[in-house]
Amino acid sequence: MNLKSPSRAIAWLVCALVAASLYGNYYVYDSIGPVADALQSQRGFSDQQIGLLNAIYSLPNVVLILVGGVLVDRFGAARMTVWTAGICLLGALLTALSPNFAGMAAGRLLFGIGAETFGIATLAALAQYFVGGNVAFSMGLALSIGRLGSYSSDMSPTWFAPAYAQGWQPPLLIAAAAAAASFAGAVLYWWLDRRVAATDKGAAEKQAQPFVWRDLLHFGRAYWFLLALCVLWYSVILAFRSTFSIKYFQHAHGLDLAAAGAMNSYVFLAAVFATPAFGWLCDRVGRYAPFLAFGAVLLPIAIATMALTHASLWIATALIGVSFSLVPAVMWPLASKLVSPQRFGTAIGLMWVAQNAGIAGANLVAGWLNDRAGASAQNPAGYEPMMMFFGLASVAGAVFALVLWLTAGRKAQEKSAVLSSERTTST
């Protein structure tokens with residue numbers, strides 16, 4: 001990873017372009033949930049097929065995302081951002097224009113191949129340009145704009161009601177337009193990065209180092225606890241929120257499509273403001289593990305509130321919103337401090353290998369549980385096995401977060417990890 005030393009204005013412009021690209025990418029990822037009911041009623045898709053449209057996004061990355069992380073370390077964040085944003089655009093177009101399930105699945109597969117490496121490249125870009133400080137705040141701010149894309153996707157049944165009235169395809173064409181905007185932002189970031197490289201000829205550039213498997217053994221135990229939390233937490237929150245939550249709100253809690261989409265969107269609306277705020281707070285306090293543990297514990301509480309009580313959905317949505325704002329705001333900056341800068345892409349890639357296996361598996365298991373139990377508007381109790389599955393997985397994630405805090409996240413330990421990372425950066 002090459003460490004950049006441009007002006008603060010250039011660094012924040014890079015942050016803005018990365019955030020704009022993330023907005024389009026997140027919109028496309030979450031575009032299946034709002035049309036899930038239409039795909040089922042108009043095209044005869046089963047819950048397993050709908051789950052597969054998001055699971056297949058993750059399946060190739062069980063292997064390829066580690067390669068993607070190595071490629072980011074090898075070829076640079078800017079170049080990989082453009083390449084992968086282009087692949088995402090092709091995948092979104094194929095999903096929207098395909099006449100059958102196989103074509104849509106192929107489009108989601110292509111989108112997934114590009115999107116996860118795209119995510120690593122954008123995090124690497126921010127780690128490069130904000131190496132001197134504000135890394136958590138910049139990542140939190142960019143992620144918050146990305147979450148605004150997810151919020152927009154959830155609100156699209158209200159904002160683009162005429163498109164939804166025409167069937168399942170027009171909403172997916174809108175998602176393809178969002179992918180095109182994401183690609184444009186990536187191209188502008190790449191162009192700006194080239195300008196910085198051309199005008200900053202005196203800056204010391206670190207040579208890319210070949211990847212060696214034994215390098216993984218040098219990641220400390222705190223990294224592996226973080227990886228386990230990453231897998232479990234993202235598996236629950238993305239499989240539920242991005243695939244099944246809108247249907248669950250409709251069938252189990254009696255909301256119509258627009259109200260269910262709006263309820264789901266509030267998670268991301270909260271994240272737009274809370275994620276950068278939490279990132280700023282972590283940068284100022286200099287602590288990460290306690291915040292991470294607190295955010296992880298909120299997820300199983302939210303799942304239990306929805307599944308086991310008659311409390312208002314607003315309560316569970318608020319808890320998920322805080323968790324969804326806090327955990328990503330802390331997780332990725334913490335990862336950048338636990339590994340050397342030259343291996344940041346590889347470390348994130350390995351985390352996302354495991355994460356995508358978990359997300360794919362959670363989507364498939366949840367869809368299978370729903371079909372097996374006959375979950376529907378006529379049988380809302382059929383969703384209970386799915387919610388139990390999500391609840392147990394979220395509890396396991398919270399346990400790993402607490403173990404990370406208690407064994408490697410004390411104040412002195414976090415300070416030692418940060419100083420070690422800074423010494424590696426300066427060498």
Side-chain angles (χ1 to χ4, degrees), residues 16-36 38-39 50 53-61 64-65 68 72 77-99 101 103-123 125 142-157 159-160 163-164 166-191 238 241-243 261 265 268 272 352 356 359:
L17 293 172
V18 165
S21 294
L22 285 171
Y23 175 95
N25 193 268
Y26 277 64
Y27 187 103
V28 178
Y29 177 82
D30 284 293
S31 61
I32 296 299
V35 297
L39 291 173
I50 293 170
L53 288 178
N54 272 350
I56 202 170
Y57 164 99
S58 303
L59 287 172
N61 293 303
L64 293 182
I65 196 61
V72 170
R79 189 181 302 178
M80 291 303 298
T81 300
V82 171
W83 290 353
T84 53
I87 294 172
C88 289
L89 175 57
L90 292 176
L93 287 170
L94 182 57
T95 302
L97 298 175
S98 296
F101 174 78
M104 290 187 70
R108 293 294 288 181
L109 177 67
L110 187 61
F111 176 72
I113 289 172
E116 292 297 279
T117 300
F118 171 87
I120 290 180
T122 57
L123 289 176
L143 287 172
S144 74
I145 301 301
R147 302 306 185 198
L148 187 59
S150 293
Y151 168 77
S152 301
S153 183
D154 284 341
M155 289 299 295
S156 59
W159 294 351
F160 306 114
Y164 278 84
Q166 297 176 46
W168 61 271
Q169 190 171 49
L172 293 181
L173 290 174
I174 294 172
S182 177
F183 178 69
V187 170
L188 288 174
Y189 156 54
W190 169 77
W191 174 80
L238 289 186
R241 205 223 66 84
S242 296
T243 307
S265 72
F268 290 103
V272 168
W352 287 8
N356 277 280
I359 295 170

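The figures here come from the full heavy-atom set of this structure, side chains too, leaving out hydrogens, waters and symmetry mates. Quick note: residue numbers are just sequence positions, from 1.
The shortest side-chain heavy-atom distance between Phe111 and Leu94 does not fall under the 4.5 Å cut-off. Within the 4.5 Å cutoff, the side chain of Val35 has no heavy atoms near those of the Gln169 side chain. Two residues are said to be in side-chain contact when any heavy atoms from C-beta on lie closer than 4.5 Å; Asn25 and Cys88 meet this criterion.
Of all the heavy atoms in Ala142 and Val18, the pair that sits closest is CB-CG1, 4.4 Å. For the pair Ala176 and Leu93, the tightest heavy-atom approach, listed with the atom from each and the gap, is CB-CD2, 3.8 Å. A pairwise comparison of heavy atoms in Ala179 and Ala92 identifies CB-CB, 3.8 Å as the closest pair. Listed here is the closest heavy atom pair of Ala77 and Ala125: CB-N, 3.8 Å. Nearest approach of Ile145 to Ala19, heavy atoms of both residues: CG2-O, 3.5 Å. When every heavy atom of Tyr164 is checked against every heavy atom of Ser156, the shortest pair comes out as OH-OG, 2.6 Å.
With Ser153 contributing its side chain and Ser150 its backbone, the two residues share no donor-acceptor pair below 3.5 Å. Between the side chain of Arg108 and the backbone N or O of Leu53 there is at least one donor-acceptor pair closer than 3.5 Å.
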Tyr27 and Leu148: CA distance, side-chain angles, deciding distance, side chain to side chain contact (heavy atoms under 4.5 Å, CB included) verdict: CA-CA 8 Å; Tyr27 187 103; Leu148 187 59; over 6 Å; no
Side chain to side chain contact (heavy atoms under 4.5 Å, CB included) evaluation trace for Thr84 with Ile113: CA-CA 8 Å; Thr84 53; Ile113 289 172; over 6 Å; no
Chi angles and distances behind the side chain to side chain contact (heavy atoms under 4.5 Å, CB included) call for Tyr26, Tyr151: CA-CA 9 Å; Tyr26 277 64; Tyr151 168 77; over 6 Å; no
Worked verdict on Phe160 versus Ile174 for side chain to side chain contact (heavy atoms under 4.5 Å, CB included): CA-CA 9 Å; Phe160 306 114; Ile174 294 172; 3.7 Å; yes
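The structure places CG of Leu238 at 4.5 Å from CD1 of Ile359, a figure rounded to the nearest 0.5 Å. Atom OG of Ser31 sits about 10.5 Å away from atom CG of Leu173, to the nearest 0.5 Å. The OG1 atom of Thr81 sits 12.5 Å away from the CG atom of Leu188 when rounded to the nearest 0.5 Å. Taking CD1 from Ile87 and OG1 from Thr117, the interatomic distance works out to 8.0 Å, rounded to the nearest 0.5 Å. Note that CD1 of Ile32 is 5.0 Å distant from CE of Met104, once rounded to the nearest 0.5 Å. Between Trp168 atom CH2 and Leu172 atom CG the span is 6.5 Å, to the nearest 0.5 Å.
With sequence neighbours left out, Tyr23 forms a side chain to side chain donor-acceptor pair (under 3.5 Å) with Ser152.
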